[in-house]
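As the structure is a computational prediction, the values presented were derived from the model and not from experiment. In what follows, chains are A, B, ... by sequence order, proteins preceding strands, each numbered from 1.
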Amino acid sequence: MLQVNEIRDNFDRACEGLKKRNLPEPESLLQEVLKLDDKRKQTQVERDGLQAESNAMARQIGQLMKEGKKEEAEAAKRQTAAIKSKVKALEEDYATCEESLIRLLYTIPNVPHPSVPAGKSAEDNEVVLQKGTIPALTGTQKMPHWELIKKYDIVDFELGVKITGAGFPVYKGKGAKLQRALINFFLDEAEKAGYKEVQPPILINEESGYATGQLPDKEGQMYLAGADGLYLIPTAEVPITNMYRNEVLSESDLPKKNAGYTPCFRREAGNWGAHVRGLNRLHQFDKVEIVQITHPDQSYPSLEEMSLHVQGLLQKLELPYRVLRLCGGDMGFTAALTYDMEVFSAAQERWLEVSSVSNFETYQSNRLKLRFKNQDKKTVLAHTLNGSALALPRIVAALLENNQSDQGIRMPQVLVPYLGFEWIS
RNA sequence: AGAGAGGUGUCCGAGCGGUCGAAGGAGCACGCCUGGAAAGCGUGUAUACCCCUAAAGGGUAUCGAGGGUUCGAAUCCCUUCCUCUCUACCA
């Protein structure tokens with residue numbers, strides 16, 4: 001959620017930024033925010049003033065009672081009724097104001113960083129860099145991963161359908177081991193990079209969902225455990241970032257770096273089609289997430305650091321990849337700047353998104369009330385960042401497709417110690 | 001899951017209808033004391049929103065959360081969350 005004071009102080013900058021997101025009329029929208037906030041303040045002044053009066057009267061009555069002046073006290077009591085009903089009315093006004101202000105703020109996405117390119121869709125994303133060699137596959141050695149997994153019997157979709165439904169695959173044998181190897185590899189790398197490993201809950205309450213911005217706008221994307229009002233996490237970002245909800249850290253604690261492995265659950269309602277065959281899109285998948293809480297001055301250097309960390313993983317996995325700077329139209333609601341990492345899946349001949357690294361600046365921390373005390377002892381909002389490092393299924397897809405040959409599928413060297421084998425054959 | 005107890009400031013802990021943002025202690029900060037330190041003494045020690053601002057000052061709210069009773073609630077009532085003890089169950 002944007003900060004009202006920031007909007008007030010940097011009105012033009014906010015408008016310019018929101019235009020990159022193709023918001024039709026950010027000016028009037030932001031004006032509306034300021035108007036509501038003004039009204040809120042004005043109501044507060046009135047309410048507080050009357051409440052002060054009411055409090056004074058109550059004190060007076062107390063005093064009179066003590067002095068035994070019963071008659072006078074009773075008379076004073078009768079006078080309070082009018083003021084009380086006014087206070088009550090103003091309290092309701094205030095609550096209404098505040099609620100509509102917050103509701104409006106919830107509909108406004110984060111202001112993009114100046115470096116974010118304008119644009120409408122994924123087509124307009126900026127390719128920052130591309131690395132690695134795209135393998136040249138031919139003939140029988142150019143099987144898409146959904147055929148390879150059948151050939152080697154390592155991932156079983158039909159079995160998942162029986163147990164749960166579409167999009168819940170069963171990993172078997174070397175397929176299951178590959179999952180475990182990747183998770184351990186990613187966690188070990190994160191630890192080396194200074195991230196503290198955590199294992200958070202994978203069900204979250206409503207408050208957590210609001211705090212990191214999944215609610216209210218992505219309500220339909222999450223699975224709901226209705227009996228208990230809990231949501232299955234769509235990403236470990238939610239529980240890990242929420243560890244710091246309502247916290248005041250000290251400046252010396254920053255940056256906080258956490259990494260965690262969790263399964264992730266996404267309903268992906270209305271998001272299915274031919275282009276999402278096999279492992280390309282699932283309802284349940286595994287991911288290692290890295291999360292940072294930083295000083296506002298440090299968040300962009302940290303974002304670069306996280307991007308390099310993810311790139312390092314892809315290099316070690318010997319996968320050809322590219323880095324995109326997302327345009328205003330393609331960027332997530334809560335992000336100020338996002339890099340997407342895509343690997344090339346050689347049989348599908350497609351780039352697959354395997355990571356998304358974002359700086360949210362204070363958009364999340366404002367809802368989270370995640371602050372720190374700076375050197376002037378002032379409490380200020382921290383910046384939050386997170387990124388996938390990495391999401392497994394598409395990595396698996398690319399590994400299978402890119403490394404296939406007549407001898408089988410060769411695993412990258414870094415994984416061999418984790419796997420205990422080099423070939424899937 | 002059942003029965004009981006309880007949730008107060010950085011921490012411990014008192015308060016159980018009025019002057020309580022909240023006794024007392026510990027901690028922390030600053031000052032005095034000291035050759036230095038400890039002890040001792042003194043002073044200070046929450047957050048949010050808002051008013052007025054040059055500064056100072058002031059208002060409102062906050063004693064797990066939400067609602068209610070009352071002129072007035074940390075104190076009474078209701079709902080809810082959490083913790084502890086016992087019982088039951090269980091990976």
Side-chain angles (χ1 to χ4, degrees), chain A residues 1-9 33-106 199-211 215 224-231 239 242-253 262-263 362 364-382:
Chain A
M1 169 168 80
L2 293 175
Q3 301 177 75
V4 176
N5 289 337
E6 283 294 312
I7 296 175
R8 201 179 290 280
D9 295 344
V33 170
L34 296 185
K35 223 172 83 191
L36 275 170
D37 190 52
D38 286 339
K39 198 173 160 212
R40 195 202 101 239
K41 285 189 201 170
Q42 192 197 322
T43 313
Q44 183 179 351
V45 171
E46 284 179 50
R47 182 202 64 184
D48 286 359
L50 276 175
Q51 186 61 254
E53 250 182 79
S54 171
N55 288 348
M57 283 170 104
R59 264 193 301 270
Q60 214 172 22
I61 291 168
Q63 192 59 35
L64 290 170
M65 300 284 270
K66 214 172 205 173
E67 292 167 9
K69 297 176 181 167
K70 251 195 150 178
E71 296 287 304
E72 287 179 49
E74 287 305 317
K77 272 194 203 178
R78 265 167 274 150
Q79 285 177 23
T80 59
I83 201 165
K84 272 192 70 179
S85 69
K86 270 196 218 162
V87 168
K88 188 151 196 187
L90 281 167
E91 253 166 14
E92 275 162 26
D93 287 354
Y94 184 84
T96 310
C97 269
E98 197 173 36
E99 201 187 309
S100 35
L101 177 61
I102 287 173
R103 210 196 314 249
L104 182 61
L105 285 170
Y106 275 169
Q199 252 190 47
I202 59 176
L203 286 166
I204 52 144
N205 58 30
E206 204 180 41
E207 215 180 335
S208 295
Y210 274 99
L215 294 172
L224 174 64
D228 297 287
L230 300 173
Y231 294 90
N242 268 285
M243 296 195 306
Y244 299 97
R245 170 150 49 88
N246 279 323
E247 292 288 325
V248 181
L249 306 169
S250 58
E251 186 164 344
S252 57
D253 291 338
T262 67
T362 60
Q364 287 184 328
S365 58
N366 192 25
R367 287 194 198 181
L368 287 157
K369 293 202 175 65
L370 196 190
R371 294 152 299 167
F372 71 95
K373 266 213 180 359
N374 69 13
Q375 282 164 345
D376 305 331
K377 304 240 171 170
K378 278 223 161 187
T379 310
V380 295
L381 292 174

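Base-pair partner of B:rU34: not found among the strands shown (Watson-Crick or G-U wobble, both distances under 3.5 Å). Pair assignment for B:rU85 gives B:rA3, based on Watson-Crick or G-U wobble hydrogen-bonding distances that are each under 3.5 Å. If you check B:rA23 for Watson-Crick or wobble pairing at under 3.5 angstrom, you find it has no partner at all. Pair assignment for B:rU69 gives none, since no Watson-Crick or G-U wobble pairing has each distance under 3.5 Å. If you check B:rU80 for Watson-Crick or wobble pairing at under 3.5 angstrom, you find it paired to B:rG64. Under the Watson-Crick and G-U wobble criteria, each requiring two contacts below 3.5 Å, nucleotide B:rU43 is paired to B:rA29. Summarising the base pairing, B:rC49 is matched to B:rG59 through a Watson-Crick or G-U wobble pair whose two defining distances lie under 3.5 Å. Using Watson-Crick or G-U wobble geometry with both donor-acceptor distances under 3.5 Å, B:rG9 finds no partner in any strand shown.
B:rA23 and B:rU45: their P atoms are spaced 11 Å apart (whole Å). Of the P atoms belonging to B:rC78 and B:rG21, the separation is 26 Å, rounded to the nearest Å. The C1' atoms of B:rA37 and B:rC51 are separated by 48 Å, rounded to the nearest whole Å. Using C1' as the reference atom, B:rU8 and B:rA74 are 7 Å apart when rounded to the nearest Å. Between B:rG36 and B:rU43, the two P atoms lie 24 Å apart (nearest whole Å). Across B:rC49 and B:rU34, the matching P atoms stand 46 Å from one another, rounded to whole Å. For the P atom pair drawn from B:rC16 and B:rA29, the interatomic distance equals 35 Å after rounding to whole Å. Comparing B:rG9 with B:rA3, their P atoms are spaced 29 Å from each other, to the whole Å.
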| said: So if I define the base as every atom that isn't primed, P, OP1 or OP2, how would nucleotides 59-81 of chain B read as a B/S/- string at a heavy-atom cutoff under 4.0 Å? | reply: BSS---------BS---------
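We find that CG of A:Leu90 is positioned 16 Å from C1' of B:rC49, with the value rounded to whole Å. Atom-to-atom, CD of A:Gln3 to C1' of B:rA48 comes out at 14 Å; the value is rounded to the nearest Å. To the nearest angstrom, P of B:rC49 lies 13 Å from CZ of A:Arg8. The distance between atom CZ of A:Phe372 and atom C1' of B:rU47, rounded to the nearest whole Å, is 17 Å. For the pair A:Asp93 CG and B:rC49 P, the interatomic distance rounds to 21 Å; values are reported in whole Å.
The closest side-chain heavy-atom distance from A:Asp38 to A:Arg8 is below 4.5 Å. Between A:Leu368 and A:Leu381 the shortest side-chain heavy-atom distance does not fall below 4.5 Å. Side chains of A:Thr80 and A:Ile61 form a contact here, defined as non-hydrogen atoms less than 4.5 Å apart. By the 4.5 Å heavy-atom criterion applied to side chains, A:Leu36 and A:Val4 are not counted as neighbours.
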| task | Applying side-chain hydrogen bond (donor to acceptor under 3.5 Å, both in side chains), run through A:Asp253 and A:Ser250 and close with a yes or a no. | result | CA-CA 5 Å; A:Asp253 291 338; A:Ser250 58; 3.2 Å; yes
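The 5' end of RNA chain B is approached more closely, in terms of each residue's nearest nucleotide, by A:Gln63 than by the other of A:Asp37 and A:Gln63.
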Could you write out each protein N or O paired with an N or O of nucleotides 51-57 of chain B at a distance under 3.5 Å?
none

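Annotation: the span from A:Leu105 atom CG to A:Gln3 atom CD amounts to 10.5 Å, rounded to 0.5 Å. Summarising the geometry, atom CD belonging to A:Gln42 is positioned 10.0 Å from atom CG belonging to A:Leu90; distances are rounded to the nearest 0.5 Å.
Phosphate contact (OP1/OP2 of B:rC50, side-chain N/O of A:Arg40, threshold under 4.0 Å): present.
A pairwise comparison of heavy atoms in A:Tyr231 and A:Leu215 identifies CE1-CD1, 3.8 Å as the closest pair.
In this structure, the side chain of A:Ser54 does not engage the main chain of A:Leu50 through any donor-acceptor pair within 3.5 Å. Using modelled atom types, one side-chain atom of A:Ser365 and one backbone atom of A:Ala382 make a donor-acceptor pair closer than 3.5 Å.
Under the 3.5 Å distance criterion, with hydrogens and angles disregarded, a donor-acceptor pair is assigned to the side chains of A:Asn205 and A:Ser208.
Nucleic acid contact class of A:Lys369 (heavy atoms, under 4.0 Å, all strands): none.
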